[in-house]
Enquirer: 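One structure is given below, represented as structure tokens, and several questions about it will come after.
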Amino acid sequence: MGFSKEWDERYVANSHMSIWPWSDLVSYVMRYARPDSPAYRVLELGCGMGANIPFFKHLNVDYHAVDGSPTAVSMLNERYPDLVGNILLADFTKNIPIEGSFDLVVDRAALTHNNSEDIRRTIVMIRNLLKSGGKFIGIDWFSIDHSDYKLGEQAEDRYTKRKIVEGQFADTGRVHFSDKQHLIDLFSGFSVDNLEHKILRREIPQNNHVFASWNLSAVKVD
Ligand SMILES: C[S@@+](CC[C@H](N)C(=O)[O-])C[C@H]1O[C@@H](n2cnc3c(N)ncnc32)[C@H](O)[C@@H]1O
């Protein structure tokens with residue numbers, strides 16, 4: 001299946017233009033994978049509009065990223081000329097065209113816009129790209145407890161939905177929702193050393209909406 005072209009359409013339409021680092025990602029990197037030198041290599045899957053780039057630039061690490069949206073990649077190449085060649089256009093479920101190995105792979109709400117089979121294959125690729133003892137940090141992998149898991153129609157498997165036309169996932173292509181066992185199963189080949197279920201129940205306006213997602217850190221098992 002691969003990359004949902006709806007993401008490029010969203011960026012062309014000037015929506016989902018997040019440009020400030022995601023606080024959970026900042027906390028997880030500093031807590032579980034704190035970089036220790038400028039040679040520390042980081043790969044971000046699905047960097048989007050580059051929200052997390054200022055954080056990694058501040059840490060002075062060797063940052064690389066892959067995204068499937070031509071609009072996002074060309075905008076980032078303009079904004080960060082020093083990263084041209086490090087931010088690549090690719091469908092990461094098919095190919096991650098970067099040489100060398102990484103200390104850390106991060107993903108905030110990117111892999112979770114693909115189906116289970118593509119996610120599983122990508123996690124194997126990530127594992128091969130990580131150094132021995134390397135880390136994966138995943139932020140906002142949507143949960144089956146999210147209200148919007150009920151929306152749209154089932155795609156290729158029971159964890160993956162498509163054709164959601166309302167709410168935060170409107171017109172974003174595939175959205176994957178996980179439960180704990182599914183996540184542990186996807187990350188075989190890793191030791192998941194931290195897993196948190198974030199549940200935010202909206203009280204005002206009182207509409208019973210629940211945002212639910214998983215944050216995790218995992219270490220490559222040799
Ligand atoms: C919800 S946005 C998140 C963007 C960014 N990580 C952030 O947190 O602001 C999902 C991003 O993942 C990218 N993406 C999803 N599936 C992809 C795939 N198979 N290959 C490449 N990029 C993908 C989309 O293009 C989009 O930029």
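Order of appearance sets the numbers: ligands from 1, and atoms from 1 within every ligand. On a predicted model such as this, the values are computed, not experimentally measured, just so you know.
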Enquirer: Can you confirm, on distance only, whether ligand 1 has an N/O atom lying under 3.5 Å from any N/O atom belonging to Met49?
Expert: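 Met49 vs ligand 1: no N/O contact under 3.5 Å.
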Enquirer: Using a 3.5 Å cut-off on N or O atoms only, is Arg108 in polar contact with ligand 1?
Expert: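 The answer is yes, given that Arg108 and ligand 1 share an N or O pair closer than 3.5 Å.
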Enquirer: Write out the residue and atom name of the closest protein heavy atom to atom 7 (C) of ligand 1, then the distance separating them to 0.1 Å.
Expert: Trp22 NE1, 3.4 Å
Enquirer: Between Lys198 and Asp24, is the closest basic N to carboxylate O distance under 4.0 Å?
Expert: yes
Enquirer: Strictly distance-based, threshold 3.5 Å: is any side-chain N or O of Thr172 a donor or acceptor partner for the main-chain N or O of Phe169?
Expert: yes
Enquirer: Give the atoms of ligand 1, by number and element, whose distance to some non-hydrogen atom of Ala90 is under 4.0 Å.
Expert: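 What qualifies from ligand 1 is 20 (N), 21 (C).
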Enquirer: Would you say that more than 12 heavy atoms from the other residues, nucleotides or ligands in this model lie under 6.0 Å from the CZ of Arg31, or not?
Expert: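 Enclosed.
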Enquirer: Donor-acceptor check, side chain of Arg127 to backbone of Val221, threshold 3.5 angstrom: yes or no?
Expert: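 Present.
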Enquirer: Does any N or O of ligand 1 fall below 3.5 Å from an N or O anywhere on Asn114, backbone included?
Expert: yes
Enquirer: For ligand 1, note which part of Trp7 has a heavy atom under 4.0 Å away: side chain, backbone, both or neither.
Expert: side chain
Enquirer: What is the closest protein heavy atom to atom 26 (C) of ligand 1, and at what distance does it sit?
Expert: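 Answer for atom 26 (C) of ligand 1: Tyr11 OH, 3.3 Å.
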Enquirer: Run the side chain to side chain contact (heavy atoms under 4.5 Å, CB included) test on Val66 and Ile98 for me, step by step, so that the C-alpha distance in whole Å, both residues' side-chain angles and the decisive distance to 0.1 Å come before the verdict.
Expert: CA-CA 9 Å; Val66 181; Ile98 304 180; 3.9 Å; yes
Enquirer: What do you reckon, does Phe92 have a nitrogen or oxygen under 3.5 Å from a nitrogen or oxygen of ligand 1?
Expert: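 Yes: some nitrogen or oxygen of Phe92 is under 3.5 Å from one in ligand 1.
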Enquirer: Side chains of Asn114 and Thr93: do they bring a donor and an acceptor to under 3.5 Å?
Expert: no
Enquirer: At a 4.0 Å threshold, what atoms of ligand 1 neighbour a non-hydrogen atom of Cys47?
Expert: 5 (C)
Enquirer: In terms of atom number and element, which parts of ligand 1 are under 4.0 angstrom from non-hydrogen atoms of Thr93?
Expert: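 Those qualifying, in numeric order: 19 (N).
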Enquirer: Look only at the side chain of Lys161 and the backbone of Arg174, and say whether a donor-acceptor pair between them is shorter than 3.5 Å.
Expert: no
Enquirer: Looking only at side-chain N and O atoms, does His146 offer a donor or acceptor that is under 3.5 Å from a partner on Gln168?
Expert: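 Yes, His146 and Gln168 have a side-chain donor paired with an acceptor closer than 3.5 Å.
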Enquirer: Test: ring pair (Phe, Tyr, Trp, His ring centres under 6.0 Å). Region: residues 63-103. Which pairs qualify, not counting sequence neighbours?
Expert: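 Those involving residues 63-103 are Phe56-Tyr63, His64-Phe102.
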Enquirer: Atom CD of residue position Gln154 - does it have more than 12 heavy atoms of other residues, nucleotides or ligands inside 6.0 Å?
Expert: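 Counting other residues, nucleotides and ligands, CD of Gln154 exceeds 12 neighbours.
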Enquirer: To which protein heavy atom is atom 10 (C) of ligand 1 closest, and what is the distance rounded to 0.1 Å?
Expert: Ala109 O, 3.3 Å
Enquirer: Could you find the nearest protein heavy atom to atom 22 (N) of ligand 1 and give me its residue, atom name and distance?
Expert: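 For atom 22 (N) of ligand 1, the nearest protein heavy atom is Gly68 N, 3.0 Å.
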Enquirer: List ligand 1 atoms under 4.0 Å from Ala51, heavy atoms only on the residue side.
Expert: 9 (O)
Enquirer: Measure the distance from atom 13 (C) of ligand 1 to every protein heavy atom, then report the residue, atom name and distance (to 0.1 Å) of the closest one.
Expert: Asp67 OD2, 3.4 Å
Enquirer: Of the backbone atoms (N, CA, C, O) and the side-chain heavy atoms from C-beta on, which set of Ala72 has a member under 4.0 Å from an atom of ligand 1: side chain, backbone, both, or neither?
Expert: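 No part of Ala72 comes within reach of ligand 1.
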Enquirer: Tell me which one of Ala110, Gly46, Gly48 gets a heavy atom nearest to atom 15 (C) of ligand 1.
Expert: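 Nearest heavy atom to atom 15 (C) of ligand 1 lies in Ala110.
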Enquirer: Tell me whether His113 has any N or O atom under 3.5 angstrom from an N or O of ligand 1.
Expert: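 In fact, backbone or side chain, His113 has no N or O that close.
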Enquirer: Less than 4.0 angstrom from a charged side-chain N to a carboxylate O is my criterion; do Asp103 and Arg41 meet it?
Expert: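 Salt bridge flag = no for Arg41 with Asp103.
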